[in-house]
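Read through the structure below, which is laid out as structure tokens, and then see the notes.
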Amino acid sequence: MFRPKVPSMPQPTGLVTPPAVVEPTTVIQQPQTAAPTPVVAPVPARPTVQLTPGAVIALVGSGTAVVLVVGAVLVSMLLAVAITAASVAVCALVVRSLIASEGKRR
């Protein structure tokens, strides 16, 4: 039941048709014509970016918001690491105290 059965490849029986005959075809080449030269349009000068006072205020405001959000995230991560370190230190002190008091009782 759990043993795989490898299928055997039976030999073809009956009439086998011969492969189809491929006849070569002739290739007719078209006379080549010269490609027309493309007309080059003059490249327009790149437009300069003009900042209005409102756009400058918006950029400064969005930059300030990004800095404040990133700063808040980094400070909260630092605070989480500090709280974790403090709790691990308190746990280590408690375990050390328990081990020391266990030795004094005997």
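These figures come from a predicted structure and were not determined experimentally. The figures here come from the full heavy-atom set of this structure, side chains too, leaving out hydrogens, waters and symmetry mates.
Residues satisfying the side-chain contact (heavy atoms from CB on, under 4.5 Å) criterion with Ala55, sequence neighbours excluded, are Leu51, Thr52.
Tracing side-chain contacts under 4.5 Å through hydrophobic residues (I, L, V, M, F, W, Y), one never reaches Val60 starting from Ile57; they form parts of separate clusters.
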Which side-chain N or O atoms in residues 65-75 pair as donor and acceptor under 3.5 Å with protein atoms at least two apart or in another chain?
none

Donor-acceptor contacts under 3.5 Å from residues 79-96 side chains, at least two apart:
from, atom 1, to, atom 2, distance (Å)
Thr84, OG1, Ala80, O, 2.8
Ser87, OG, Ile83, O, 3.4
Ser87, OG, Thr84, O, 2.8

